[in-house]
Amino acid sequence: MTSSADHPADLGELFHAAFRGLRRTWSEQLSPWQLTPHQWRALMTLLHSRPVGQAPPAEPEEMRLKDLAEKLRIAPRSATEVVDQLEAKGLVRRDPDPTDRRATLVVSTAAGRQLFADITAERRDKSSEYFARLSAGDRAELARILAQLRD
C-alpha cells in the first residue's frame, strides 16, 4: 500500500489544506483590527524589510505606489483602492516623490508601524499555537523542508 507521501499531487493537496487552516486563523486575527487580508498584505509589503519581531522603526517606511502594486502583483488601480483604505484608517499617508513629481510615495505612519508590530506578534503566537500539535523534532524537520522548498 502506498502513502500520500508517495504521490506529489497528494502532498500538494495536504500542504494546501494545512495552509488554508493557517490562513483562516490569520484572517480571523485581523478582524479585531478591522483589517482585510488585502490591507494587511499591503501594509506587510510596505514594512517587510524589517526582521520579524523587531520594534517598529522610528523613521517611516516608504514605497512608490506603482512598486507596491508590482510587489502585491495587483493592478495599480487596485493598489490605489487598498492604499485609500489604509490611509482612511491612518495607517499610511501619501507623499509626493521628491525625485519624480509624477510619482506618489506610500509612507507608513507611526500608527501603521505599531499596528504592524502588534499584528505580527499576535500572528507569531497563533502560528506557534497552530504548530504546537507537532513535536519539536517535527517542527524542526518541517522548517528544514519548507526552507529547502523555498530556496
Side-chain angles (χ1 to χ4, degrees), residues 8-9 11-134 138-151:
L11 281 175
E13 289 300 317
L14 285 169
F15 182 81
H16 190 68
F19 180 72
R20 277 194 315 264
L22 190 57
R23 190 175 60 194
R24 186 175 38 256
T25 300
W26 287 339
S27 291
E28 289 167 3
Q29 285 178 274
L30 295 174
S31 65
W33 285 287
Q34 299 177 342
L35 218 57
T36 68
H38 294 296
Q39 293 165 357
W40 168 249
R41 272 189 63 224
L43 189 60
M44 187 173 59
T45 300
L46 180 62
L47 296 168
H48 87 287
S49 59
R50 290 186 304 103
V52 172
Q54 183 180 352
E59 294 300 314
E61 302 282 335
E62 60 185 37
M63 182 181 296
R64 282 186 175 183
L65 185 58
K66 77 174 188 76
D67 294 335
L68 180 62
E70 231 173 71
K71 287 184 179 283
L72 293 172
R73 297 183 182 169
I74 61 176
R77 180 172 166 243
S78 297
T80 297
E81 290 175 17
V82 172
V83 169
D84 286 346
Q85 295 161 357
L86 291 172
E87 191 173 33
K89 295 173 190 268
L91 303 175
V92 301
R93 70 175 190 270
R94 286 181 172 91
D95 286 348
D97 186 334
T99 63
D100 182 352
R101 62 184 174 152
R102 297 167 296 165
T104 300
L105 293 175
V106 179
V107 182
S108 64
T109 64
R113 294 187 302 280
Q114 186 58 57
L115 182 69
F116 177 80
D118 294 346
I119 292 174
T120 298
E122 169 113 1
R123 286 183 84 172
R124 188 176 45 254
D125 291 346
K126 286 293 185 187
S127 289
S128 294
E129 185 180 305
Y130 180 81
F131 289 108
R133 298 180 249 181
L134 302 175
D138 285 347
R139 285 191 307 270
E141 182 67 3
L142 179 60
R144 184 194 67 75
I145 291 167
L146 292 174
Q148 187 176 357
L149 289 173
R150 178 197 64 207
D151 299 338

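In this text the structure is predicted, and so the values were computed from the model without any measurement. These numbers come from the heavy atoms of this one structure, side chains and all, not from hydrogens, waters or symmetry mates.
Within the 4.5 Å cutoff, side-chain heavy atoms of Gln29 are placed close to those of Thr25. Here the side chains of Glu81 and His38 are not in contact, with every heavy-atom distance at 4.5 Å or above. Looking at Phe19 and Leu14, their side chains never come closer than 4.5 Å, going by heavy atoms from C-beta outward. Two residues are said to be in side-chain contact when any heavy atoms from C-beta on lie closer than 4.5 Å; Leu46 and Val92 meet this criterion. Side-chain contact between Thr36 and Leu30 is absent, with no heavy atoms from C-beta onward closer than 4.5 Å. A 4.5 Å side-chain heavy-atom check between Gln114 and Asp118 finds at least one atom pair inside the cut-off. Annotation: side chain of Pro76 is not in contact with side chain of Lys66 (no heavy-atom distance under 4.5 Å). Taking the side chain as every heavy atom from C-beta outward, Pro37 and Trp26 never approach each other to under 4.5 Å.
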Task: Worked check of side-chain contact (heavy atoms from CB on, under 4.5 Å) between Asp100 and Arg64 - done: CA-CA 10 Å; Asp100 182 352; Arg64 282 186 175 183; 3.4 Å; yes
Task: side-chain contact (heavy atoms from CB on, under 4.5 Å) assessment of Trp40 paired with Trp33 - done: CA-CA 10 Å; Trp40 168 249; Trp33 285 287; over 6 Å; no
- [ ] Before giving the answer on side-chain contact (heavy atoms from CB on, under 4.5 Å), spell out for Leu86 and Leu35 the whole-Å C-alpha distance, their side-chain angles and the decisive distance to 0.1 Å.
- [x] CA-CA 9 Å; Leu86 291 172; Leu35 218 57; 4.2 Å; yes
Open item on the list: Assess the residue pair Thr45 and Leu68 against the criterion (side-chain contact (heavy atoms from CB on, under 4.5 Å)); give the C-alpha distance rounded to whole Å, side-chain angles, the decisive distance to 0.1 Å, and a yes or no.
Closed with: CA-CA 7 Å; Thr45 300; Leu68 180 62; 3.8 Å; yes
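Across all non-hydrogen atoms, the minimal contact from Ala79 to Ala69 is CB-CB, 3.6 Å. Closest non-hydrogen pair, Val82 versus Ala42, comes out as CG1-CB, 3.6 Å. Across Gln39 and Gln85, no two heavy atoms sit closer than the pair NE2-OE1, 2.9 Å.
Atom NZ of Lys89 has more than 12 neighbouring heavy atoms from other residues, nucleotides or ligands inside a 6.0 Å radius. More than 12 heavy atoms of other residues, nucleotides or ligands lie within 6.0 Å of OH in Tyr130, so this atom counts as buried by the packing criterion.
Geometric assessment of Arg133 against the ring of Phe131 yields a negative cation-pi assignment under the 6.0 Å and 45° thresholds.
Residue Arg94 forms a side-chain contact (heavy atoms from CB on, under 4.5 Å) with just one option from Val107, Thr80, Leu105, and that option is Thr80.
For the atom pair Leu72 CG and Glu70 CD, the distance stands at 10.5 Å (nearest 0.5 Å).
With hydrogens and angles ignored, the 3.5 Å screen pairs a side-chain donor or acceptor of Ser27 with a backbone N or O of Arg23.
Arg113 and Ser108 share a side-chain donor-acceptor pair at under 3.5 Å.
Salt bridge present: Asp95 and Arg93 bring a charged side-chain N and a carboxylate O closer than 4.0 Å.
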